[in-house]
Amino acid sequence: MSKFAKMHGLGNDFVVIDGREGPVDISAPRARAIADRHTGIGCDQLILVGTSGKADVSMRIFNADGSEVEACGNATRCIPLFLGRDVTIETKAGLLDARLAGDGASVDMGAPRFEWDAIPLAYAMDTYSMPTSWEDLPAPAAVNVGNPHVIFFVDDLVSVETDRLGPLIEHDPLFPARINVNFAQILSDQHIRLIVWERGAGLTQACGTGACATAVAAIRQGLATGPVTVSLPGGDLEIDWRAGGHIQMTGPATFVFSGEADWERF
Ligand SMILES: N[C@@H](CCC[C@H](N)C(=O)O)C(=O)O
């Protein structure tokens, strides 16, 4: 048996398992079973907090489909709340600094990457404005903020079939590691509306790394100036980035309930 908390960041929900007391064995099928909304606990991502030799704690991230990934912005904001203090967190994407702020946390998400093989793409291509697209969507941008994102800036978000185009693009062979798909509408110089089809989880209420990647792509293309408010279905995130620098993400994190479970049963 070990302790867990159900938490969320703007409705992007997590089962956060405390693995600091002893090893918790999470395989892909087990992560999928825990995340199942009918037969498990239910979540978009399963988060395993552990000990670390390099930071205060480590964090492993599993999508609802069981795939283990490098980064999760909303979950990173939940960790200071889960532990009750500011923390440094070791992730597959590097060390992150997360501090309690307002009704959530503020996190240094590191520096974005734009090289085609860092996204990764299947072959060399300009990631500022990619010479490709799908159906009526405009040419996208690609950014890696610890995990891979493609961003489409559209005129009218309501008319985009996000649930049909999202999975099509996520699984396109251009993206050998699959991809998180961001559909964004610029509302003003400092305000973006965003819907994210997440790799391995589908449409979510919010995606922290998606907000970071989208704000960075917009600032890079001169479509916005930082700091940017990114409005997702679940609420708003504040993203600050200057070219060459780190991304600072600030927004809410919520504790829902705690429990104890025998993970061997999943
Ligand atoms: N919800 C997260 C992102 C979770 C991982 C993502 N689906 C991936 O596969 O990279 C966030 O808030 O950033």
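First listed ligand is number 1; within each ligand, the first listed atom is number 1. For this chain, numbers begin at 1 and follow the sequence in order.
The closest donor-acceptor contact from the side chain of Asn182 to the backbone of Val150 lies under 3.5 Å.
Within 4.0 Å of ligand 1, contacts by protein heavy atoms are made from Asn12, Gln45, Asn63, Val69, Ala71, Cys72, Gly73, Asn74, Asn147, Asn180, Glu198, Arg199, Cys207, Gly208, Thr209.
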Please list every donor-acceptor pair under 3.5 Å in which a side-chain atom of residues 151-160 meets a protein atom from a residue at least two apart or in another chain.
| residue | atom | partner | partner atom | Å |
| --- | --- | --- | --- | --- |
| Asp156 | OD1 | Val158 | N | 3.3 |
| Ser159 | OG | Asp156 | O | 2.8 |

Which atom pairs, one a donor and one an acceptor, fall under 3.5 Å between side chains of residues 169-177 and the rest of the protein, sequence neighbours left out?
| residue | atom | partner | partner atom | Å |
| --- | --- | --- | --- | --- |
| Glu170 | OE1 | Trp197 | NE1 | 2.8 |
| Glu170 | OE2 | Arg178 | NH1 | 2.5 |
| Glu170 | OE2 | Gly200 | N | 3.1 |
| Asp172 | OD1 | Leu174 | N | 2.9 |
| Asp172 | OD2 | Trp134 | NE1 | 2.9 |

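In this structure, Leu95 stands alone, with no Ile, Leu, Val, Met, Phe, Trp or Tyr side-chain heavy atom under 4.5 Å from its own, directly or through other members.
The existence of a salt bridge linking Glu21 and Lys3 is excluded, since no basic side-chain nitrogen approaches an acidic carboxylate oxygen closer than 4.0 Å.
Paired with Glu198 under the rule side chain to side chain donor-acceptor pair (under 3.5 Å), one option of Thr204, Asn180, Thr209 passes, and it is Thr204.
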